[in-house]
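Structure, as structure tokens:
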Amino acid sequence: QVQLVESGGGLVQPGGSLRLSCVASGSIFRIYGMGWYRQAPGKQRELVASITATGNSNYEDSVKGRFTISMDNAKNTLTLQMNSLKPEDTAVYYCNCNVQTAVVGPRYQYWGQGTQVTVSS
């Protein structure tokens, strides 16, 4: 009932930049938080950055100072600005949304399909 559509992945050289976007749509009453996860080959999915609806954010240590997460509450859009990219940032990046879908009800977690980010020379 909630769909997440991601865009912005691609191939860049080390030191380059990419901007990932995620648009949430469907039965949304309130979004409590959104985040970006990534999964590299042979590794488990890990949290890269997250943000609450009130604007509080946190980052995985290796991306601090390089990545910036933001959320447009009016448009239900999540953005990850990635600068100074490194080969170790190569992974499939997934959008996550923690959302309440009704006036009275529980929260649910939804995932996007993922977008490939490749950093290589």
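Worth saying up front: this structure is predicted, and the values here are computed from it rather than measured.
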- Message: Does the plane of the ring in Trp111 sit parallel, tilted or perpendicular to the ring in Tyr94? Use 30° and 60° as the thresholds.
- Response: perpendicular
- Note on the structure: On a heavy-atom basis, the closest approach of Glu6 and Gln113 is OE1-N, 3.1 Å
- Between Asp61 and Lys64, is there a salt bridge with N-O shorter than 4.0 Å? yes
- Check against side-chain contact (heavy atoms from CB on, under 4.5 Å), Gln116 and Thr90: CA-CA 8 Å; Gln116 177 70 49; Thr90 297; 4.0 Å; yes
- Item | 4.5 Å side-chain heavy-atom contact, Tyr59 and Thr68 | yes
- Least distance between heavy atoms, Ile69 atom then Gly35 atom: CD1-CA, 4.3 Å
- Task: Under the side-chain contact (heavy atoms from CB on, under 4.5 Å) rule, what do Val23 and Lys75 come out as? Steps first, then yes or no, please.
- Result: CA-CA 8 Å; Val23 180; Lys75 298 180 179 180; over 6 Å; no
- Task: Report the distance from atom CD of Gln39 to atom OH of Tyr93, rounding to the nearest 0.5 Å.
- Result: 12.0 Å
- Query: Can you name the closest pair of heavy atoms from Val2 and Ser27 and give their distance?
  - Reply: CG2-O, 3.6 Å
- Check Asn73 against Ala53 and note the closest heavy-atom contact, atom names and distance. ND2-O, 3.0 Å
- Counting distance only, does the side-chain N/O of Arg107 pair as donor-acceptor with the main-chain N or O of Asn98 below 3.5 Å? no
- Please check if atom CD in Gln109 has more than 12 non-hydrogen atoms from other residues, nucleotides or ligands closer than 6.0 Å. yes
- Query: For the residue pair Met82 and Val117, what are the closest heavy atoms and their distance?
  - Reply: CE-CG2, 4.0 Å
- Note on the structure: Output for pair (Ser17 OG, Arg66 CZ), nearest 0.5 Å, gives 10.0 Å
- List the atom of Leu4, the atom of Tyr110, and the distance in Å for their closest heavy-atom pair. CD1-O, 3.4 Å
- Is there a side-chain contact between Leu18 and Phe67, using heavy atoms and a 4.5 Å cut-off? no
- Task: Give the C-alpha distance, both sets of side-chain angles, the deciding distance and a yes or no for side-chain contact (heavy atoms from CB on, under 4.5 Å) between Arg19 and Thr79.
- Result: CA-CA 7 Å; Arg19 184 170 64 223; Thr79 300; 3.5 Å; yes
- Item | Arg38 vs Trp36 side-chain heavy atoms within contact, under 4.5 Å | no
- Query: Are Cys95 and Cys22 within a span of less than 2.5 Å, counting SG to SG?
  - Reply: yes
- Message: Around atom CD of Gln13, are there more than 12 heavy atoms from other residues, nucleotides or ligands closer than 6.0 Å?
- Response: no
- Would you indicate whether Glu46, at its atom CD, is surrounded by more than 12 heavy atoms from other residues, nucleotides or ligands within a distance under 6.0 Å? yes
- Going by heavy atoms in the side chains, are Tyr37 and Leu47 under 4.5 Å from each other? yes
- Task: State the CG-OG distance between Leu20 and Ser7, to the nearest 0.5 angstrom.
- Result: 8.0 Å
- State, yes or no, whether a side-chain contact exists between Met34 and Cys97 at a heavy-atom distance under 4.5 Å. yes
- Any luck finding a side-chain donor-acceptor pair between Thr52 and Thr54 under 3.5 Å? yes
- What distance do Leu78 atom CG and Ile51 atom CD1 have between them, rounded to the nearest 0.5 Å? 7.5 Å
- Joint cluster assignment, Leu80 & Val12, ILVMFWY side-chain distance < 4.5 Å: yes
